[in-house]
Number of protein chains: 2
Amino acid sequence: MTQKTPNYITKLRNSNLRPTKQRIKICEVLFNRPKTFHFTINNLYKLLSDNSEKKISLATVYNTIHAFKKSGYLKQVNIDSSNNYFDTNTSHHHHFFDETNNELIDLNNEDIKKIELKKNIPGKKIKSVEVLVKIVSK
Amino acid sequence: MTQKTPNYITKLRNSNLRPTKQRIKICEVLFNRPKTFHFTINNLYKLLSDNSEKKISLATVYNTIHAFKKSGYLKQVNIDSSNNYFDTNTSHHHHFFDETNNELIDLNNEDIKKIELKKNIPGKKIKSVEVLVKIVSK
DNA sequence: TTTCTAGTTTATAATCATTCTAAATTAGAA
DNA sequence: TTCTAATTTAGAATGATTATAAACTAGAAA
């Protein structure tokens, strides 16, 4: 079931994204992981710089991440004005945000009772319902 | 029960904030309203500029809003990286965000079934639980 | 009332994240 | 191999917010 060598080339091509060296490298860093990955653009940029001699420009990191988001490979998670995260888990779920070490943790749908609203706004339809649980060390 | 002329001077002094002309003016714009008020710094700055000949500097608006937030007069509501709101309703509640016209709407605690988490993070305690319901026009 | 000082306001500069621009490079079809 | 459109890139531009430092002011003390 687990892909040994994920075919990022096909994945990219399917989204009309040319499989460039930079995009494949970013795919490897983001998706070749056993678990969901949460990151900021800055996190990722540093991570890419660290394990590589030839670095990917910051502009390309921004471009690529936004292209990936548009293609549905990533979800954006806004915590507050100074913390803009991305999440490789694109299924419907929620988050804990640990303010002690600025870490995002998934709160899966099955780990929270269904959200039921007793109010609706006339003329409007719901696009999303997101729960953010802020936590700190005890 | 309703105060005809709210005593912002006392309110400010109680929080160790000198009741300056600027702060009182901002209090009037923010709190002398029948309902909760949602705004961005820019909204507020424009509003203050419009109904006044002598305008309050942008720096003071930022300073004051942050002082008010610190004193518990306001809550900050982060929608996404380009929408940073403040809310005069400081009670525990949630929000709708209407993406059609960038408007925040309160979702009071009694209008949502209690959020129950079936997961907890060892060593961590919950600081807040916030629900954000994004809506658009039908 | 006058004086004095710490708190406050202000214009402007600095910062930081993000987006834009336009030139150089590259993927991949022909 | 050639050619073109897509992509990458460095650096400039933008926009929100914060910092700075000089001028002003509230209000306590004389």
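Just so we're clear, the structure is a prediction, and the values are computed from it rather than from any experiment. All chains are named by letter (A, B, ...) in the order of the sequence lines, taking the proteins before the strands, and each is independently numbered beginning at 1.
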Could you tell me how far apart A:Asn42 (CG) and C:dT15 (P) are, to the nearest whole angstrom? 17 Å
Can you tell me the distance, in whole Å, between the NZ atom of B:Lys70 and the P atom of D:dT18? 13 Å
For atom OH of B:Tyr85 and atom P of D:dA16, their distance in whole Å: 12 Å
Assess, by modelled atom type and distance only, whether the side chains of B:Asn109 and B:His93 contain a donor and an acceptor separated by less than 3.5 Å. no
Give every pair of a protein N or O atom and an N or O atom of nucleotides 7-11 of chain D that lie under 3.5 Å apart, one pair per line with the distance.
unit_1 : atom_1 : unit_2  : atom_2 : d
D:dT7  : OP1    : A:Arg18 : N      : 3.0
D:dT7  : OP1    : A:Arg23 : NH1    : 2.7
D:dT8  : OP1    : A:Thr20 : OG1    : 2.5
D:dT8  : O3'    : A:Gln22 : NE2    : 2.7
D:dT9  : OP1    : A:Gln22 : NE2    : 3.2
D:dT9  : OP2    : A:Ser57 : N      : 3.1
D:dT9  : OP2    : A:Ser57 : OG     : 3.4
D:dT9  : OP2    : A:Thr60 : OG1    : 2.7

If you compare every side-chain N and O of A:Tyr62 against the phosphate oxygens of C:dT18 (OP1, OP2), does one of them come in below 4.0 Å? yes
Using atom CG of A:Asp80 as one end and atom P of D:dA16 as the other, report the distance to the nearest whole Å. 17 Å
Expressed as a whole number of angstroms, how long is the span from A:Tyr45:OH to C:dC16:P? 16 Å
For B:Asn83, is there any backbone N or O sitting under 3.5 Å from a side-chain donor or acceptor partner on B:Asp80? yes
Rounded to whole angstroms, how far apart are CG on B:Asn84 and P on D:dT18? 9 Å
Applying the 4.5 Å side-chain criterion to the ILVMFWY set and letting contacts propagate, would A:Ile24 and A:Phe39 be lumped into a single cluster? yes
In whole Å, I'd like the distance from the CG atom of A:Leu12 to the C1' atom of C:dG28. 15 Å
Is the backbone of A:Ser91 close enough, under 3.5 Å, to the side chain of A:Lys75 for a donor and an acceptor to pair up by distance? yes
So, is B:His66 near the phosphate of D:dT18, with a side-chain N or O under 4.0 Å from OP1 or OP2? yes
